[in-house]
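Report on one structure; see the data block that follows.
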Amino acid sequence: MKKQRGVLLDVDGTLADSNDAHARAWHAALAEHHYRHDLALVRSWIGMGGDHLLPKATGLEAEHPTARAISKRRGEILKQVHLPHIAPFPRCRDLLARMEQDGLKLVVASSATKDELELILARCGVRDLLDATTSSDDAENSKPDPDILQAALKRAGLAPGDACMLGDTPYDVEAAQRAGVPIVALRCGGWGDADLVGAIAVYDHPAALLIEYDDSPFGALARRKS
C-alpha cells in the first residue's frame with residue numbers, strides 16, 4: 001500500500017526516556033562555564049534546541065564563542081556520561097511498528113543534533129522503521145519554531161493536513177500548532193496536561209497510546225488513508 005499520510009515523531013521524552021539526561025548535561029556544562037541555574041529550571045527548557053536554550057541560560061546568542069563552547073561541552077557530557085543509560089520507553093518499537101503496518105510514513109522531527117539523534121535512535125532500536133529523519137541541523141531555528149516540522153513535512157512529501165505529530169513538551173505543541181499539524185502529546189516526558197494544552201489527545205506513554213491506538217488520532221489517520 002502506498003504511503004500517503006504520516007506521523008512526525010519527536011524522540012527525546014517521546015520515544016526515549018532521555019529528557020533528564022539532557023537536562024543534567026546542560027546543567028553541568030553551564031556550571032563549568034560559571035552559569036549556575038537550578039536543575040529544575042534547566043529541565044523546564046528541555047525540548048527546545050540550543051539556539052533557544054542558550055540565550056535563556058546565558059544571555060548570549062547561540063553563535064557566541066562561549067555559548068558554542070558550552071554547547072560542545074554539553075554534547076561531550078551527554079555522550080560520555082548519560083548516553084549509555086538512555087533507554088526507550090516500553091513498547092516504543094511496537095507503537096511505531098503498528099503505525100508502519102498501517103501504511104503511515106514515520107518521520108522524525110527532533111531538536112537534537114543529527115549525531116546525537118542517530119545515537120539515541122540506535123538506543124531505541126527503531127531506525128529501521130523510519131522513512132526519514134530531520135534534526136536541528138536541517139532547520140534554521142529549533143522548536144518551538146516550526147522550521148524542523150516544516151522540513152520533515154517537505155522531506156516526507158506530506159502536507160500539514162496529511163500528518164499528525166507525536167511529542168511530549170510544550171515546545172512540541174507550539175511548533176506543531178505553528179506548522180498547522182495536529183499533535184498528540186505524551187506525559188512521559190515530564191509535562192502535565194496543563195503544559196500540553198493544544199494537543200488533540202494526551203496519553204501517559206507509548207504503551208498507553210498503543211493500547212488505545214484504534215481509537216486514537218493515529219488510528220483515525222490510518223483509516224482515513226484508506
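On a predicted model such as this, the values are computed, not experimentally measured, just so you know. Worth knowing before you read on, the calculation uses all heavy atoms, side chains too, and leaves out hydrogens, waters and symmetry mates.
Closest approach of Gly50 to Ala62, counting heavy atoms only: O-CB, 4.1 Å. Considering all non-hydrogen atoms of both residues, Ala152 and Val108 come closest at CB-O, 4.2 Å. Contact record, Ala139 with Ile148: CB-CG1, 3.5 Å, taken as the closest heavy-atom pair. The two residues Pro160 and Gly180 come nearest to each other via the heavy atoms CB-O, 3.5 Å. Across all their heavy atoms, Ala67 and Leu54 have their closest contact at O-CD1, 3.6 Å. Across Pro90 and Pro206, no two heavy atoms sit closer than the pair O-CB, 4.0 Å.
Residue Arg91 qualifies as open at atom CZ: its count of foreign heavy atoms under 6.0 Å is 12 or below. Enclosure of atom CZ in Arg68 is not indicated, since only 12 or fewer non-hydrogen atoms of other residues, nucleotides or ligands lie within 6.0 angstrom. Around CD of Glu76, the count of heavy atoms belonging to other residues, nucleotides or ligands within 6.0 Å exceeds 12. The environment of Lys79 atom NZ is dense: over 12 non-hydrogen atoms of other residues, nucleotides or ligands sit within 6.0 angstrom.
With contacts defined as side-chain heavy-atom distances shorter than 4.5 Å, the pair Val11/Leu117 qualifies. Annotation: side chain of Leu130 is in contact with side chain of Arg127 (closest heavy-atom distance under 4.5 Å). Looking at heavy atoms from C-beta onward, Leu153 lies in side-chain contact with Leu8 at the 4.5 angstrom threshold. By the 4.5 Å heavy-atom criterion applied to side chains, Leu186 and Phe89 are not counted as neighbours. For the pair Leu119 and Leu78, the minimum side-chain heavy-atom distance is 4.5 Å or more. Side-chain atoms of Ser136 and Thr113, non-hydrogen and from C-beta on, do get closer than 4.5 Å to each other. Side-chain contact between Ile46 and Leu53: present, with at least one pair of heavy atoms (C-beta onward) separated by less than 4.5 Å. A 4.5 Å side-chain heavy-atom check between Gln177 and Leu149 finds every atom pair outside the cut-off.
The CZ atom of Phe218 sits 6.0 Å away from the CG atom of Leu209 when rounded to the nearest 0.5 Å. In this structure, CD on Glu118 lies 5.0 Å from OG1 on Thr133, to the nearest 0.5 angstrom. Taken to the nearest 0.5 Å, the CG atom of Leu121 stands 8.0 Å off from the OG atom of Ser110. We find the CG-OG distance between Asp137 and Ser142 to be 11.0 Å, quoted to the nearest 0.5 Å. Between the NZ atom of Lys154 and the OG1 atom of Thr134 there is a distance of 12.5 Å, given to the nearest 0.5 Å. To the nearest 0.5 Å, the span separating OG on Ser111 from CG on Asp10 amounts to 7.5 Å.
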Decide side-chain contact (heavy atoms from CB on, under 4.5 Å) for Met48 and Glu174; before the verdict, give the C-alpha distance in whole Å, the side-chain angles of both, and the deciding distance to 0.1 Å. CA-CA 11 Å; Met48 61 176 72; Glu174 182 178 345; over 6 Å; no
What's the verdict on salt bridge (charged side-chain N to carboxylate O under 4.0 Å, His left out) for Asp147 and Arg178, showing C-alpha distance, side-chain angles and the deciding distance? CA-CA 9 Å; Asp147 303 30; Arg178 292 171 66 181; over 6 Å; no
Test side-chain contact (heavy atoms from CB on, under 4.5 Å) on Thr58 and His64; report intermediate values, then the result. CA-CA 10 Å; Thr58 67; His64 188 282; over 6 Å; no
Begin with the C-alpha distance, continue with both residues' side-chain angles, and end with the deciding distance and a verdict on side-chain contact (heavy atoms from CB on, under 4.5 Å) for Val126 and Leu106. CA-CA 10 Å; Val126 298; Leu106 301 181; over 6 Å; no
Determine, stepwise, if the pair Ile70 / Leu60 fulfils side-chain contact (heavy atoms from CB on, under 4.5 Å). CA-CA 11 Å; Ile70 293 170; Leu60 304 172; 5.6 Å; no
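Sorted by first and then second residue, the ring pair (Phe, Tyr, Trp, His ring centres under 6.0 Å) pairs with a member in residues 11-46 read His37-Trp45; sequence neighbours excluded. Applying the side-chain hydrogen bond (donor to acceptor under 3.5 Å, both in side chains) test to every pair with at least one member in residues 199-212, sequence neighbours left out, gives these pairs: Arg187-Asp204.
Note: the hydrophobic cluster containing Val202 also contains Met165 (ILVMFWY, side chain heavy atoms under 4.5 Å, direct or indirect links). The hydrophobic clustering, which links ILVMFWY residues whose side-chain heavy atoms are closer than 4.5 Å, places Leu39 and Ile86 apart. Hydrophobic clustering (side-chain heavy atoms under 4.5 Å, transitive across Ile, Leu, Val, Met, Phe, Trp, Tyr) groups Leu210 together with Ile200.
In this structure a side-chain-to-backbone donor-acceptor pair under 3.5 Å is present from Asp38 to Ala40. Panel note: side chain Lys143, backbone Ala109; a donor-acceptor pair is recorded below 3.5 Å. Proximity of a side-chain donor or acceptor of Arg5 to a complementary backbone N or O of Ala222 within less than 3.5 Å is not detected. Judged purely by atom type and a 3.5 angstrom limit, Ser216 uses its side chain to pair as donor or acceptor with the backbone of Tyr213.
Between Asp214 and Arg98 a salt bridge is recorded (basic side-chain N to carboxylate O distance below 4.0 Å). A salt bridge does not link Asp17 to Arg123: none of the charged side-chain nitrogens sits closer than 4.0 Å to a carboxylate oxygen.
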